[in-house]
Amino acid sequence: MDALPWIGAGALVVVSASVVVSASVVVSASVVVSASVVVSASAVVLIRSLVLRRQRGGADRLARTLHLNARWWQEQRTSHGELLYVAIGDSAAQGVGASQPGRSYVGLIAQHLHKQTGLSVRVVNLSSSGARVREAISLQLAPLRLLAPDIVTVAIGANDMATFEQDRFTRELTELYDCLPPGSIVAEVPSFYLGPSEKNVRLANSIVHHLAAARGFEVAPLYATTRRQGAALYALNRVAADFFHPNDRGYRVWASAFLPLIDRIVLSTGDDRPNRSDGGLA
């Protein structure tokens with residue numbers, strides 16, 4: 001009979017110890033989880049801070065190169081060529097973010113034209129950094145009217161997305177497209193991947209396609225081409241230091257959206273292109 005209370009007491013001690021150990025494990029686990037959450041949250045804050053700092057620094061550095069890109073393209077206008085390629089657009093057409101302006105999508109298209117035709121190419125890049133559709137109308141259409149281009153590309157609208165208004169965008173894009181020569185290639189607005197602007201981009205591109213179809217313009221699938229890259233891959237090695245403009249790799253992606261349409265125009269025109277040594281007027 002005396003043994004039974006002892007066994008019970010021993011069991012009680014073991015159970016109590018187990019409860020204490022279990023409680024300790026639970027408390028320890030809770031502390032570890034809590035600590036992990038705190039560390040993870042701190043890491044996210046730190047990473048975000050570093051990214052924003054790099055982004056600001058990158059944006060500042062690129063801002064200091066805008067005039068250099070503009071000057072480089074201005075100098076290209078004075079060259080002579082058997083083909084005349086005119087570009088309308090914004091900072092992407094200027095090649096902001098590329099290691100050099102010639103590695104922008106405009107430069108890559110010009111190189112491709114030369115390779116495909118064997119002809120010299122004069123590039124008149126009418127784009128300007130920060131341009132929206134309204135700036136393309138007010139600043140870029142007038143010099144276009146003085147030219148007789150063989151190829152025209154238009155990539156504009158990305159800077160309209162932050163303050164997008166459907167009626168205004170439609171009205172302004174209509175005015176722009178109505179002034180373009182037949183056979184112009186117009187591009188979709190590229191993907192923004194996330195946020196409210198991405199929704200605006202989809203709506204803007206439906207307008208692009210509708211207006212282009214009504215005028216017989218080919219549409220470069222820039223949205224689909226950039227969207228396929230995925231936000232993670234694009235952010236890792238397709239963007240410049242400001243995390244907005246493309247880098248050299250990113251511009252190769254942009255150019256790939258235009259090149260099949262460029263080839264189609266080259267094949268369809270053949271020897272019917274104007275024969276001139278200066279590519280049109282200055």
Side-chain angles (χ1 to χ4, degrees), residues 62 64-131 135-156 176 179-187 218 220 240 245-248 250-252 254-282:
L62 289 184
R64 291 195 292 271
T65 68
L66 298 184
H67 70 287
L68 299 176
N69 288 54
R71 184 190 305 165
W72 192 88
W73 287 114
Q74 190 68 34
E75 291 168 355
Q76 303 310 303
R77 294 189 190 187
T78 62
S79 65
H80 297 277
E82 297 162 284
L83 289 177
L84 174 59
Y85 166 35
V86 177
I88 288 177
D90 49 32
S91 54
Q94 284 281 299
V96 174
S99 58
Q100 54 183 273
R103 291 179 178 171
S104 65
Y105 78 88
V106 172
L108 295 174
I109 289 173
Q111 293 170 28
H112 184 80
L113 274 169
H114 172 64
K115 182 178 178 180
Q116 292 297 98
T117 64
L119 301 174
S120 57
V121 180
R122 178 191 177 202
V123 181
V124 176
N125 191 340
L126 299 176
S127 66
S128 57
S129 293
E135 281 79 38
I137 294 169
S138 62
L139 300 175
Q140 300 176 36
L141 285 182
L144 174 64
R145 293 188 183 102
L146 302 176
L147 300 166
D150 298 288
I151 301 284
V152 176
T153 61
V154 180
I156 197 77
L176 176 63
C179 296
L180 299 177
S184 296
I185 298 173
V186 299
E218 297 272 16
H245 291 92
N247 59 15
D248 288 0
Y251 280 122
R252 287 197 291 272
W254 277 53
S256 71
F258 289 89
L259 296 185
L261 302 180
I262 296 290
D263 288 343
R264 192 180 305 170
I265 290 176
V266 169
L267 288 173
S268 66
T269 54
D271 294 330
D272 295 331
R273 286 182 297 269
N275 183 16
R276 55 177 176 266
S277 60
D278 63 349
L281 302 174

From CG (L113) to CG (D263), nearest 0.5 Å: 8.5 Å

Gap separating the CD1 atom of I262 from the CG atom of L108, nearest 0.5 angstrom: 11.5 Å

Under 3.5 Å donor-acceptor, D150 side chain and L83 backbone: no

Residues which pass side chain to side chain donor-acceptor pair (under 3.5 Å) with N125, listed by chain and number, not counting sequence neighbours: S127

Smallest separation among heavy atoms of A110 and V123, with atom names: CB-CG2, 3.5 Å

By side chain to side chain donor-acceptor pair (under 3.5 Å) - contacts of E218 (at least two apart): R264

Least distance between heavy atoms, A220 atom then I185 atom: CB-CG2, 4.1 Å

Nearest-0.5 Å distance that lies between atom CG in L176 and atom CD in E135: 11.5 Å

Rounded distance (nearest 0.5 Å) linking atom CG of L126 with atom CG of L141: 9.0 Å

Any side-chain heavy-atom pair of Y85 and T153 under 4.5 Å: yes

Pairs involving residues 106-115, ordered by first then second residue, that meet salt bridge (Lys or Arg N to Asp or Glu O under 4.0 Å) (sequence neighbours left out): none

Side-chain touch S129/V96, heavy atoms, less than 4.5 angstrom: yes

Non-hydrogen side-chain atoms of I151 and V121 separated by less than 4.5 Å: no

Under 3.5 Å: donor-acceptor pair, side chain of Q76, backbone of G102: no

Interatomic spacing from CD1 in I265 to OG in S184 - rounded to 0.5 Å: 8.0 Å

Closest approach of Q140 to A131 (non-hydrogen atoms, all atoms of both residues): NE2-CB, 3.8 Å

Any donor-acceptor pair under 3.5 Å from Y105 side chain to S256 backbone: no

For the student: nearest non-hydrogen atoms of V86 and P149, plus distance: CG2-CB, 3.6 Å

Donor-acceptor under 3.5 Å (S120 side chain, E82 main chain): yes

Reported CD1-to-CH2 distance for the pair I109 and W254, which is rounded to 0.5 angstrom: 10.5 Å

Minimum heavy-atom distance A98-S104, with the two atoms named: CB-N, 4.3 Å

Heavy-atom side-chain proximity of W73 to Q94 below 4.5 angstrom: yes

C179 versus L144, closest heavy-atom pair with distance: O-CD2, 4.2 Å

